[in-house]
Amino acid sequence: MNIDWENLGFEFSSTKSNIRFSYHDGEWSEGKLYNSDEITLSVASNCLHYGQAAFEGLKAFCCKDGKVRVFRPEENARRLNVSAEYLMMPKFPEEKFIEAVKTIVQDNIDYVPPYGTGGSLYIRPVLIGTTAQIGISPAKDYELIIMVSPVGPYYKGGIKPVNAMILDHLDRAAPQGTGHIKVAGNYAASLYPTNIAKKGGCHVTLFLDAKSHDFIDEFGSSNFAAITPDGKYVTPQSSTVLPSITNKSLMQIAEDLGIEVDRRQVHRSELETFAEVGAVGTAVVITPVGKIVHGEKVYEYGDTIGPVLKKLYDEMTGIQYGEIPDRHHWMLEV
Ligand code: PLP
Ligand code: COI
């Protein structure tokens with residue numbers, strides 16, 4: 001094992017193990033640890049053809065006191081079951097999910113980036129329909145696999161701003177088109193617009209609501225948050241954005257710090273008025289957005305993280321790395 005902890009990006013690297021549960025005849029099996037990254041599937045597996053698959057993402061941190069803790073796993077357990085319900089997949093018991101997260105982090109404890117490196121162990125549960133079938137109907141058999149990978153910042157350059165592009169002329173599905181769920185295959189639909197954004201010098205896409213194209217939804221892999229000139233935290237209220245656990249936590253932290261939270265429809269014309277804009281999520285944490293390109297229009301927010309987002313970033317990562325008291329009991333020790 002030879003890991004360059006300081007220079008990790010958001011890439012998959014193989015670890016000691018993953019944990020797998022199988023669902024047959026209406027019951028989930030006990031978890032089994034596998035040292036191989038490979039799985040055997042029928043060529044006719046439902047998840048391959050029809051995308052009956054959902055995933056989650058959460059992180060474990062090596063804290064200042066040397067202990068390893070996971071950030072709010074019960075929220076991911078709950079949200080996975082929302083995805084399962086929408087996709088006609090069996091729910092996975094929440095307590096079993098949390099136990100499995102603990103087991104897989106313990107078994108891969110050597111892969112948790114040390115305190116001070118800024119890294120974390122990304123935990124990726126994926127629930128897939130495995131029945132061999134060609135008719136469109138829910139699978140009868142499923143696997144829940146939880147894999148882990150040590151990661152650093154999602155966008156290279158740490159908390160340096162990224163650029164975003166709105167492509168509302170494109171009638172292409174976005175991840176958030178399915179609202180409250182994380183559909184594994186669905187993210188592939190965001191690759192095409194993101195590729196156009198990248199060619200235009202932007203790192204990410206910012207999606208507007210699919211109906212009117214007037215209101216801001218979210219970025220391709222994170223929620224949208226903005227700070228108004230008078231210091232309010234604004235984030236879209238929309239039924240077609242993923243309910244981000246990071247955003248929910250930031251809204252709580254903002255309130256704790258006396259920052260007013262305004263969760264409401266956000267009209268695209270307001271992009272002109274914001275003092276700071278950030279992409280918020282597990283993988284991206286809070287990544288400042290320097291520029292948003294919408295056709296001929298360019299909205300600029302500066303080339304460093306703004307003071308309010310920085311304050312929220314420090315507070316959030318301070319809790320995650322055990323530097324600030326965990327006043328809301330978000331961290332689960334493994
Ligand atoms: N929105 C989308 C489309 C995402 O993929 C993610 C990341 O998982 C988020 C928002 C942020 O959610 P969370 O903070 O729970 O990671
Ligand atoms: C996360 O933030 O955990 C995500 O799932 C985002 C992404 C890499 C799809």
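Excluded from the calculations below are hydrogen atoms, water molecules and symmetry mates; all remaining heavy atoms, backbone and side chain alike, are included. Remember, it's 1-based here, ligands and their atoms both numbered in the order they're listed.
The shortest contact between atom 1 (C) of ligand 2 and any protein heavy atom is with Y122 OH, 3.3 Å. Scanning the protein heavy atoms around atom 9 (C) of ligand 2, the nearest turns out to be Y187 CE2, 3.7 Å. The protein heavy-atom contact nearest to atom 2 (O) of ligand 2 is A283 N, 2.8 Å. Nearest protein neighbour of atom 5 (O) of ligand 2, counting heavy atoms only, is K182 NZ, 2.8 Å. In terms of protein heavy-atom proximity, atom 6 (C) of ligand 2 is nearest to S221 O, 3.8 Å.
Smallest separation of non-hydrogen atoms from T282 and L58: CG2-CA, 3.8 Å.
Distance CD/E75 to CD1/I245: 5.5 Å, rounded to 0.5 Å. Note that CG of L144 is 9.5 Å distant from OG of S29, once rounded to the nearest 0.5 Å. A distance of 10.0 Å separates CD1 in I216 from OG1 in T235, rounded to the nearest 0.5 Å.
Ion pair R264/D262 flagged as a salt bridge, since at least one NZ, NE, NH1 or NH2 atom sits closer than 4.0 Å to an Asp/Glu carboxylate oxygen.
Of all the atoms in ligand 2, the ones that sit under 4.0 Å from a non-hydrogen atom of R124 are 5 (O), 8 (C). When each atom of ligand 1 is checked for a heavy atom of I245 under 4.0 Å away, the hits are 13 (P), 14 (O), 15 (O). Close approach of ligand 2 to Y154 (heavy-atom distance below 4.0 Å) involves ligand atoms 8 (C). In the vicinity of S222, heavy-atom distances shorter than 4.0 Å reach the ligand 1 atoms 1 (N), 2 (C), 4 (C), 9 (C), 10 (C). Within the listing of ligand 1, atoms 1 (N), 2 (C), 3 (C), 10 (C) sit less than 4.0 angstrom from a heavy atom of E218. Per-residue contacts place S244 under 4.0 angstrom from the following atoms of ligand 1 (heavy atoms of the residue considered): 11 (C), 12 (O), 13 (P), 14 (O), 15 (O). Less than 4.0 angstrom separates some heavy atom of G220 from each of these atoms of ligand 1: 3 (C). Close contacts of ligand 1 with R79, meaning ligand atoms under 4.0 Å from a residue heavy atom, involve 12 (O), 13 (P), 15 (O).
Atom 3 (C) of ligand 1 has its nearest heavy-atom neighbour, among F207, F55, Y187, F71, in Y187.
Note on V105: it does not cluster hydrophobically with Y34, by side-chain heavy-atom contacts below 4.5 Å among ILVMFWY residues. Under the 4.5 Å side-chain heavy-atom criterion for grouping Ile, Leu, Val, Met, Phe, Trp and Tyr, Y321 is connected to M331 within one hydrophobic cluster.
Remark: side-chain polar atoms of E315 are not paired, donor with acceptor, to backbone N or O of I253 under 3.5 angstrom.
Judged by the shortest distance from any of its heavy atoms, E56 lies outside the 4.0 Å radius around the atoms of ligand 2. Not a single heavy atom of K59 sits closer than 4.0 Å to an atom of ligand 2.
Two residues are said to be in side-chain contact when any heavy atoms from C-beta on lie closer than 4.5 Å; Q52 and P138 meet this criterion.
Cluster partners of I128 are I39, L41, L48, F55, V126, I145, Y187, counting Ile, Leu, Val, Met, Phe, Trp and Tyr whose side-chain heavy atoms approach within less than 4.5 Å, directly or via other members.
The distance criterion of under 3.5 Å between nitrogen or oxygen atoms is not met by G281 with respect to ligand 1. Among the atoms of K182, some N or O lies under 3.5 angstrom from an N or O of ligand 1.
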Start with the C-alpha gap between I292 and F224, add the side-chain angles, then the distance that decides, and say whether side-chain contact (heavy atoms from CB on, under 4.5 Å) holds.
CA-CA 12 Å; I292 299 176; F224 175 98; 4.3 Å; yes
